[in-house]
Amino acid sequence: MPDERSTKRRTKTGRVSSNKMNKTVVVDVELVTGHRLYGRTLRRTRSFKAHDETNRCEIGDTVLIAESRPISKDKHWVVQQILRRGTGEPVEIQDVPGED
């Protein structure tokens with residue numbers, strides 16, 4: 001029997017919303033469905049904590065995460081690859097004093 005240790009893992013694609021923890025990122029995965037009765041498009045967002053060993057992920061990056069063994073209480077996913085680099089954290093617009 002060939003060595004079949006690597007089984008098919010569930011994967012999800014999402015956007016990094018936080019990288020403030022060490023070796024951990026929060027990935028928001030968006031699910032788009034239609035309402036059963038009204039047909040309106042619904043956007044549901046679910047967040048997952050994923051293990052990022054090298055701390056390479058930045059806010060706004062689109063990443064591919066794969067299910068893994070439990071790493072901590074909330075962390076059961078691992079970042080497999082960064083699909084697209086994001087723009088980073090949004091910048092707040094400052095008001096200019098004295099201008100009406």
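What you are looking at is a predicted structure, and each value in this text was computed from that prediction instead of being measured.
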Could you walk me through whether Thr62 and Arg15 pass the side chain to side chain contact (heavy atoms under 4.5 Å, CB included) check?
CA-CA 4 Å; Thr62 302; Arg15 181 158 291 158; 3.6 Å; yes
Remaining members of [X]'s ILVMFWY cluster at a side-chain heavy-atom cut-off under 4.5 Å?
{"X": "Leu64", "result": "Leu83"}
{"X": "Val25", "result": "Val16, Val27, Val29, Phe48, Val63, Ile65, Trp77, Val79, Ile82"}
{"X": "Val26", "result": "Met21"}
{"X": "Val78", "result": "Ile71"}

For [X], side chain to side chain donor-acceptor pair (under 3.5 Å) partners two or more places apart:
{"X": "Glu67", "value": "Arg10"}
{"X": "Arg84", "value": "none"}
{"X": "His51", "value": "Glu53, Lys75"}

Partner set under salt bridge (Lys or Arg N to Asp or Glu O under 4.0 Å) for Asp28, not counting sequence neighbours:
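Checked Asp28 against salt bridge (Lys or Arg N to Asp or Glu O under 4.0 Å); zero matches.
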The criterion is salt bridge (Lys or Arg N to Asp or Glu O under 4.0 Å); which residues satisfy it with Arg46, sequence neighbours excluded?
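Here no residue qualifies.
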Whether the Asn55 and Asn19 side chains hold a donor-acceptor pair (N or O, under 3.5 Å, no angle test) is what I'd like checked.
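No.
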Nearest-0.5 Å distance that lies between atom NE2 in His76 and atom NZ in Lys49
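His76 NE2 to Lys49 NZ: 10.0 Å, rounded to 0.5 Å.
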Taking Arg85 first and then Asp61, would you say they form a salt bridge - that is, a charged N and a carboxylate O separated by under 4.0 Å?
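Yes.
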Extract all donor-acceptor atom pairs below 3.5 Å that involve side chains of residues 31-38 and protein atoms in other chains or at least two apart in sequence.
residue	atom	partner	partner atom	Å
His35	ND1	Leu37	N	3.1
His35	ND1	Tyr38	N	3.1

